[in-house]
Amino acid sequence: AGGHTTEILRLLSCLSESYSPRHYVLADSDKMSEAKIRSFEQKRAETFSESQFSLDRIPRSREVRQSWISSVVTTLYSTLYSLPLTYKRKPDLILCNGPGTCVPICLSAFLLGLLRIKRTIIVYVESICRVETLSLSGKILYYFSDYFIVQWPDLKKKYPKSVYLGRIV
């Protein structure tokens, strides 16, 4: 909600207007991120007048301190909920950075690619705070992403598929 949103908005601030429309996906229980996104997009519209975006909500895949066993069930539910949304939006690119909400979206996009409905490029950026180990989302999406970006050299050593670009947020 807080840190992940700030990090992704920093990344998005570097993108050109060709990355439009942007579709943000939030957990239904996330109360903070929508205001941050709307503020970011309002400022962006001052520079790029044709800028377009939308907000969608999905069930949270895992709450803080939720047990691992029950989070499997809620993540599957969230993934099934995400399939029609991903099918409707048919994104060319998914840029995500770690909250549990990105896992169901990426898995549903990966599934649509397997079914040859829509091929989506998945770019995962591990949070700057992950210095020595990957987040749970990172551990899952390491296998499903097209580009897996880390911000610390030790992570690049441990995860050879990753791309180390230095600190990007």
Side-chain angles (χ1 to χ4, degrees), residues 1 3-5 7-30 33-34 36-38 40-41 44 48 50-63 66 68-127 130 134-151 155 159-163 165 168-169:
H4 289 299
T5 301
E7 284 187 8
I8 201 74
L9 293 177
R10 283 187 188 152
L11 287 171
L12 291 175
S13 68
C14 299
L15 297 180
S16 72
E17 67 181 305
S18 62
Y19 291 91
S20 184
R22 284 167 307 288
H23 304 287
Y24 297 92
V25 180
L26 311 171
D28 55 6
S29 60
D30 182 350
S33 296
E34 183 172 351
K36 288 181 179 184
I37 291 166
R38 289 193 185 282
F40 170 81
E41 287 293 341
R44 188 174 174 89
F48 304 117
E50 300 296 316
S51 187
Q52 297 177 353
F53 76 100
S54 66
L55 291 165
D56 292 297
R57 292 191 176 269
I58 64 170
R60 186 176 290 270
S61 58
R62 183 173 185 269
E63 294 288 347
Q66 181 179 348
W68 298 109
I69 299 297
S70 66
S71 66
V72 171
V73 174
T74 54
T75 300
L76 287 173
Y77 173 71
S78 188
T79 302
L80 291 174
Y81 191 95
S82 300
L83 277 168
L85 174 62
T86 309
Y87 179 79
K88 174 184 168 188
R89 297 291 185 199
K90 291 187 177 73
D92 296 318
L93 171 75
I94 293 176
L95 176 63
C96 56
N97 69 326
T101 304
C102 69
V103 173
I105 293 295
C106 291
L107 292 178
S108 61
F110 185 78
L111 181 60
L112 291 179
L114 287 177
L115 297 173
R116 300 188 185 270
I117 294 171
K118 171 65 177 169
R119 170 74 171 99
T120 301
I121 296 170
I122 299 172
V123 178
Y124 181 85
V125 181
E126 185 62 272
S127 177
R130 303 308 298 207
L134 297 180
S135 63
L136 179 58
S137 297
K139 289 174 183 175
I140 295 167
L141 294 177
Y142 182 75
Y143 300 100
F144 296 97
S145 61
D146 295 287
Y147 299 96
F148 191 93
I149 300 169
V150 295
Q151 299 182 64
L155 286 177
Y159 300 94
K161 174 192 166 191
S162 68
V163 177
L165 299 175
I168 61 174
V169 296

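At least one side-chain heavy atom of Arg60 sits less than 4.5 Å from a side-chain heavy atom of Asp30. Under the 4.5 Å side-chain criterion, counting only non-hydrogen atoms from C-beta, Val150 is not in contact with Tyr159. Using a 4.5 Å heavy-atom cutoff, the side chains of His4 and Ser33 are not in contact. Tyr124 is listed as a side-chain neighbour of Cys102, based on a closest heavy-atom distance under 4.5 Å. Using a 4.5 Å heavy-atom threshold, the side chains of Leu155 and Ser162 count as separate. A 4.5 Å side-chain heavy-atom check between Arg119 and Asp146 finds at least one atom pair inside the cut-off. The shortest distance between side-chain heavy atoms of Phe53 and Leu12 does not fall below 4.5 Å. Between Thr120 and Leu112 the shortest side-chain heavy-atom distance does not fall below 4.5 Å.
Judged purely by atom type and a 3.5 angstrom limit, Ser127 has no side-chain atom pairing as donor or acceptor with the backbone of Arg130. In terms of modelled atom types and a separation under 3.5 Å, the side chain of Ser13 and the main chain of Arg10 share a donor-acceptor contact. The closest donor-acceptor contact from the side chain of Ser61 to the backbone of Ser78 lies at 3.5 Å or more, if one exists at all. Side-chain N or O atoms of Ser20 include one that pairs as donor or acceptor with a backbone N or O of Gln52 at under 3.5 Å.
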### Task
Test side chain to side chain contact (heavy atoms under 4.5 Å, CB included) on Thr101 and Ile58 and set out the steps.
CA-CA 8 Å; Thr101 304; Ile58 64 170; 3.5 Å; yes

### Task
I would like to know whether Leu76 and Val73 meet side chain to side chain contact (heavy atoms under 4.5 Å, CB included); could you show each step before the answer?
CA-CA 5 Å; Leu76 287 173; Val73 174; 5.9 Å; no

### Task
Report the C-alpha separation of Cys96 and Leu141 in whole Å, then their side-chain angles, then the decisive distance to 0.1 Å, and conclude whether the side chain to side chain contact (heavy atoms under 4.5 Å, CB included) test is met.
CA-CA 10 Å; Cys96 56; Leu141 294 177; 4.3 Å; yes

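Going from atom OG of Ser108 over to atom CZ of Arg89 covers 13.0 Å, rounded to the nearest 0.5 Å. For the atom pair CG of Leu136 and CZ of Arg62, the computed distance is 6.5 Å after rounding to the nearest 0.5 Å. Atom-to-atom distance recorded for Thr75:OG1 and Leu80:CG is 11.0 Å, nearest 0.5 angstrom.
The shortest heavy-atom contact between Tyr77 and Pro59 is CE2-CG, 3.4 Å. Of all heavy-atom pairs between Tyr143 and Lys161, the closest is C-NZ, 4.2 Å.
In this model, a donor atom of one side chain and an acceptor atom of the other lie less than 3.5 Å apart for Ser135 and Glu126. Using modelled atom types, one finds a donor on one side chain and an acceptor on the other under 3.5 Å when comparing Ser16 with Ser18.
Atom CD1 of Ile69 has 12 or fewer neighbouring heavy atoms from other residues, nucleotides or ligands inside a 6.0 Å radius. Under a cut-off of 6.0 angstrom, the local environment of OH in Tyr142 is crowded, with over 12 non-hydrogen atoms contributed by other residues, nucleotides or ligands.
The side chain to side chain contact (heavy atoms under 4.5 Å, CB included) with Leu95 is formed by just one residue from the set Ile122, Ile8, Ile121; it is Ile8. No option in Pro91, Cys106, Pro104 other than Pro91 meets the side chain to side chain contact (heavy atoms under 4.5 Å, CB included) test with Thr86.
Every residue was checked against the salt bridge (charged side-chain N to carboxylate O under 4.0 Å, His left out) condition with Arg44, not counting sequence neighbours, and none meets it. Under the rule for a salt bridge (charged side-chain N to carboxylate O under 4.0 Å, His left out), the partners of Lys118 that lie at least two apart in sequence or sit in another chain are Asp92. In this structure, the salt bridge (charged side-chain N to carboxylate O under 4.0 Å, His left out) partners of Glu34, at least two apart in sequence or on a different chain, are Arg38, Arg57. Considering only residues two or more places apart in sequence or on other chains, Ile168 meets the side-chain contact (heavy atoms from CB on, under 4.5 Å) condition with Leu11, Val125, Ile149, Gln151, Leu165. Remark: Arg22 pairs with Glu41 by the salt bridge (charged side-chain N to carboxylate O under 4.0 Å, His left out) rule, at least two apart or across chains.
Ion pairing between Asp56 and Lys88 fails under the 4.0 Å rule for side-chain N and carboxylate O.
Sorted by first then second residue, the ring pair (Phe, Tyr, Trp, His ring centres under 6.0 Å) pairs that include residues 83-119, not counting sequence neighbours, are Phe110-Phe144.
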